[in-house]
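What follows is a set of notes on a single structure, which appears directly below.
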Amino acid sequence: MGGNAKGMKYFFRDNGTALRIVERIKALDQPARIMHVCGTHEQIITKHGLRTLLPENIEVVAGPGCPVCITPVKEIDEAVYLSDKNIVATYGDMLRVPGTSISLAGKKSAGGDIRMIYSPAEAVEIAKKNPDREVIFFAIGFETTAPMTAQILLNSPPENFSILCSHRLIPPALDFLLKEGIGIDGLIDPGHVSTIIGTHPYEELCNKYNMPQVIAGFEPIDVLMAIYMLMKQIRNHEARIENEYTRFVTYEGNTIAQEMLSKTFKADSREWRGLGVIPQASLALRKEFENFDARKKFDIPLQSDETCDQACFFCANVIKGAGRPKDCPNFGENCTPDKPIGACMVSTEGTCSIAYRYGTIVNQR
Ligand code: SF4
């Protein structure tokens with residue numbers, strides 16, 4: 001098993017195979033602008049310098065694929081407010097994202113009881129160990145992480161536990177972007193999300209927007225193959241959903257996870273940082289679980305309508321794929337992973353953070 005996994009990894013990183021795929025892409029002689037919506041894809045593309053292998057007339061841009069980056073300022077402010085009197089537990093990257101006046105990390109330094117966790121189950125454990133305190137899990141992420149939150153809800157968490165829900169959904173966000181018109185010829189769809197939702201939710205987008213799409217895995221060969229498959233569709237004037245990541249993604253997806261999600265959550269319309277309110281692209285807890293809904297349980301004052309601090313106005317362009325990190329006046333000067341101004345510089349999946357770590361030349365073309 002271990003040997004097979006090693007062999008597979010070698011295959012998916014093999015130079016010769018990569019160069020053969022690149023030659024096929026070049027032979028198509030087809031200009032295109034392609035978007036992916038996944039922070040892990042951006043890491044793979046940039047870390048392995050895949051853009052530098054492609055012909056100059058193929059542009060691969062990063063869209064809104066980092067969950068930390070798209071969580072709006074007002075939801076960070078909600079978590080900061082709740083940490084005044086309660087324990088707030090969330091994933092490490094969320095701590096450093098600036099809110100309107102302070103980040104959760106800043107609040108922690110000022111004495112706030114904010115706990116970094118790796119899974120929602122840890123937040124439940126904290127609640128069990130602190131029965132006299134309220135514990136709020138600040139839940140972020142796409143269809144990939146939402147099932148873990150759903151599982152917690154279905155397993156009867158303690159009464160002093162609740163969820164500040166910031167989960168988001170990818171297909172309605174793609175619909176929103178394509179309706180807005182973002183000037184792309186094809187989409188690389190995210191492999192992780194697709195393992196949960198399957199391939200079928202993308203079909204409608206192919207038909208509605210005549211948009212070629214390929215679901216890709218997370219090795220360099222996966223991404224190059226997905227680009228080749230997309231380029232063939234674009235050249236042949238086709239618009240289908242194809243699945244490059246067949247070793248994990250099926251047509252139906254993970255139906256158990258889907259069932260857990262539909263039992264606990266309903267679609268809602270909330271803001272995405274840089275994009276505004278996207279219809280039906282967020283999750284909210286169903287009425288049956290409102291005892292665990294922090295927005296119902298606590299009187300959280302209406303947060304400011306400020307969508308982004310002036311200092312990080314350029315993040316919106318990066319999130320939409322309309323601007324490159326190096327074009328931001330703050331990039332590498334006032335804004336670095338150690339001292340981020342905007343959310344895109346915080347997470348290891350943020351486009352600016354990736355460009356800073358691996359270099360803008362391989363990040364942008
Ligand atoms: S460099 Fe910083 S301020 Fe500029 S877009 Fe990136 S995260 Fe935002």
Side-chain angles (χ1 to χ4, degrees), residues 33 35-47 49 51 59-77 79-80 90-107 138 140-142 166 168 173 176-177 180 182-184 190 271-278 303-365:
R33 187 168 189 265
M35 178 179 274
H36 71 77
V37 287
C38 176
T40 314
H41 278 153
E42 182 58 21
Q43 279 203 60
I44 294 295
I45 291 167
T46 305
K47 185 175 169 186
R51 286 186 177 92
E59 188 186 5
V60 181
V61 294
C66 156
V68 173
C69 306
I70 56 92
T71 303
V73 171
K74 64 180 71 164
E75 294 184 15
I76 290 154
D77 290 348
V80 167
T90 193
Y91 303 117
D93 280 346
M94 285 312 290
L95 264 57
R96 298 193 309 121
V97 183
T100 301
S101 57
I102 195 167
S103 65
L104 284 167
K107 199 68 195 296
F138 185 18
I140 68 143
F142 301 117
S166 287
R168 299 291 190 268
F176 177 85
L177 287 170
E180 280 219 320
I182 43 171
I184 59 166
E271 182 193 335
W272 288 47
R273 186 191 290 253
L275 299 173
V277 175
I278 304 185
Q303 301 299 321
S304 124
D305 267 347
E306 200 66 51
T307 50
C308 203
D309 188 280
Q310 276 303 305
C312 74
F313 69 97
F314 204 82
C315 289
N317 293 338
V318 171
I319 289 167
K320 279 189 276 199
R324 299 170 300 179
K326 72 168 187 188
D327 297 330
C328 173
N330 293 313
F331 181 80
E333 301 287 333
N334 310 318
C335 187
T336 64
D338 286 338
K339 264 187 119 183
I341 290 178
C344 306
M345 191 58 97
V346 173
S347 165
T348 51
E349 296 203 341
T351 306
C352 295
S353 166
I354 293 168
Y356 186 88
R357 282 179 290 129
Y358 298 110
T360 52
I361 293 172
V362 288
N363 173 257
Q364 294 151 4
R365 208 188 66 203

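Counting convention: from 1, in listed order, for ligands and their atoms alike. Just so it is clear, the values below take in all heavy atoms, side chains as well, and ignore hydrogens, waters and symmetry mates.
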> With Lys320, which residues qualify under salt bridge (Lys or Arg N to Asp or Glu O under 4.0 Å), at least two apart?
Replying inline: none

> With a cut-off of 2.8 Å, does Cys328 place any N/O/S atom under that distance from atom 4 (Fe) of ligand 1?
Replying inline: yes

> Are any side-chain N or O atoms of Arg96 and backbone N or O atoms of Pro337, one a donor and one an acceptor, separated by less than 3.5 Å?
Replying inline: yes

> If you measure from each non-hydrogen atom of Cys352 to ligand 1, which part falls under 4.0 Å: side chain, backbone, both or neither?
Replying inline: side chain

>> As an exercise, identify every atom of ligand 1 less than 4.0 angstrom from a heavy atom of Met345.
In response: 7 (S)

>> On a heavy-atom basis, I'd like to know which of Val318, Asn317, Asn330 is closest to atom 3 (S) of ligand 1.
In response: Asn330

> Are side-chain heavy atoms of Arg273 and Ile319 found at a separation under 4.5 Å?
Replying inline: yes

>> Taking Glu75 first and then Arg168, would you say they form a salt bridge - that is, a charged N and a carboxylate O separated by under 4.0 Å?
In response: yes

>> With side-chain contact (heavy atoms from CB on, under 4.5 Å) as the test, pick out the partner of Cys352 among Pro340, Ser347, Cys344.
In response: Cys344

>> Using a 4.0 Å cut-off to any heavy atom of Cys315, which atoms of ligand 1 qualify?
In response: 5 (S), 7 (S), 8 (Fe)

